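What you see is a predicted model, and the numbers here were worked out from it, not measured in a lab. In what follows, chains are A, B, ... by sequence order, proteins preceding strands, each numbered from 1.
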Number of protein chains: 2
Amino acid sequence: MNAIDVTRALQTIDFSKAEGLIPAIVQDVDTKEVLMLAYVNRESLQKTVETRTTWFWSRSRNELWNKGATSGNTQEVVDIRFDCDEDTILMLVKANGPACHTGRETCFYRSFFDGWPKQAEDNGDVETPIASTMVP
Amino acid sequence: MNAIDVTRALQTIDFSKAEGLIPAIVQDVDTKEVLMLAYVNRESLQKTVETRTTWFWSRSRNELWNKGATSGNTQEVVDIRFDCDEDTILMLVKANGPACHTGRETCFYRSFFDGWPKQAEDNGDVETPIASTMVP
């Protein structure tokens, strides 16, 4: 992909909503599991294109965030797709470690159905946030 | 899933951000393709759980939206997962038709890489919005 393509691609994306932040879905290119969702502004999306690793905007820390820069759990970007409204990004990645801060492969490890909230107790060696936030 | 579980599951979700709207990723349970992303408020998520079809909040029309109610392209909800921060939903569905208003299976039919924007011209019989919005 050359520089002109990057410019054109970035110009196509609609950052006008939600203070310049749009959702970016991260999907494992091999297993096709949805790993996480984070938010990108124009700068973090450009860095993602340029470095072929995932960059997001942290809404809690108000700063750019290169996934795995400290943990080592980086994500190599194989493809970047965008939707018909041009306001959502889908990043297909090769994951060098778990996506979730709890140590799980995916952040979507809990389900409304089929045994919820049992899943939270399945893996005793990692954080189980639902146990403390659940309303009895 | 019984009524108590629904109440507990809905109470777990954090609707405090973005005026009570959180993103809901829709993934095909069989092909594992990511089909679309839309937004849910508490009411639309509850309707999704109760009816086992996808309900969203339309940000453009400011109304509840039952996917496929007019087009027939409904989505049967097989599972609803939520992420570690409890502010993003992942719906696994059986799709009764294309997810995208352009007639495509997925809304994510265009890529930054590998021939972009060629994909927009691949399917001459459906809308190709990028052709008109692209900046030369």
Side-chain angles (χ1 to χ4, degrees), chain A residues 1 5-14 17-18 23 25 27-28 31-34 36-39 45 48-49 59-60 77-92 99-102 104 106-114 116-117 119 127 129-130 133-136, chain B residues 1 5-14 17-18 22-23 25 27-28 31-34 36-39 45 48-49 59-60 77-90 92 99-102 104 106-114 116-117 119 127 129-130 133-136:
Chain A
M1 186 179 202
D5 285 342
V6 174
T7 303
R8 287 172 69 182
L10 285 166
Q11 281 173 333
T12 302
I13 304 304
D14 178 8
K17 297 159 189 161
I25 304 161
Q27 184 178 27
D28 188 297
T31 67
K32 303 188 90 171
E33 287 297 316
V34 174
M36 56 183 283
L37 180 140
Y39 291 84
L45 185 56
T48 299
V49 172
R59 297 186 301 175
S60 56
V77 175
V78 177
D79 196 7
I80 300 176
R81 298 187 190 156
F82 55 102
D83 73 344
C84 52
D85 293 335
E86 293 137 10
D87 61 2
T88 304
I89 299 292
L90 174 63
M91 299 177 177
L92 286 100
C100 187
H101 74 289
T102 66
R104 294 177 175 87
T106 171
C107 295
F108 295 94
Y109 55 90
R110 289 173 292 175
S111 167
F112 272 35
F113 305 114
D114 298 330
W116 184 90
Q119 288 89 336
E127 191 182 346
I130 197 168
T133 58
M134 210 167 59
V135 179
Chain B
M1 187 178 199
D5 285 341
V6 173
T7 303
R8 287 172 68 183
L10 285 167
Q11 281 173 333
T12 301
I13 304 303
D14 178 7
K17 297 158 189 161
I22 63 171
I25 304 160
Q27 184 178 25
D28 188 297
T31 68
K32 302 189 92 170
E33 288 296 318
V34 174
M36 57 183 283
L37 180 140
Y39 291 84
L45 185 55
T48 299
V49 172
R59 297 186 300 176
S60 57
V77 175
V78 177
D79 196 6
I80 301 176
R81 297 186 191 157
F82 54 102
D83 75 344
C84 53
D85 293 336
E86 294 136 8
D87 60 4
T88 305
I89 299 293
L90 174 63
L92 287 103
C100 188
H101 73 289
T102 65
R104 294 176 175 88
T106 171
C107 295
F108 295 93
Y109 56 88
R110 288 174 292 176
S111 166
F112 272 35
F113 305 114
D114 297 331
W116 182 89
Q119 287 89 338
E127 190 182 348
I130 197 168
T133 59
M134 209 168 57
V135 178

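For B:L92, no part lies near chain A; criterion is any non-hydrogen pair under 4.5 Å. Heavy-atom distances place the side chain of B:L45, and not its backbone, under 4.5 Å from chain A. Contact annotation for B:T106: neither backbone nor side-chain heavy atoms come within less than 4.5 Å of a heavy atom of chain A. Of the atoms belonging to B:I25, it is side-chain heavy atoms, and not backbone ones, that fall under 4.5 Å from chain A.
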Exercise for review: Could you go through the side-chain contact (heavy atoms from CB on, under 4.5 Å) check for A:L37 and B:L37 one step at a time?
Suggested key: CA-CA 11 Å; A:L37 180 140; B:L37 180 140; 3.7 Å; yes
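Between B:R59 and A:D87 a salt bridge is recorded (basic side-chain N to carboxylate O distance below 4.0 Å).
The candidate from B:I13, B:L10, B:T31, B:T88 with the greatest count of non-hydrogen atom pairs under 4.5 Å with chain A is B:T88.
Contact record, B:K32 with A:Q27: O-NE2, 2.9 Å, taken as the closest heavy-atom pair.
Contact check for B:D14 versus B:D85: no side-chain heavy atoms found under the 4.5 Å cut-off.
A cation-pi arrangement, defined by a distance under 6.0 Å to the six-membered ring centre and an angle within 45 degrees of its axis, is present between A:R104 and A:Y109.
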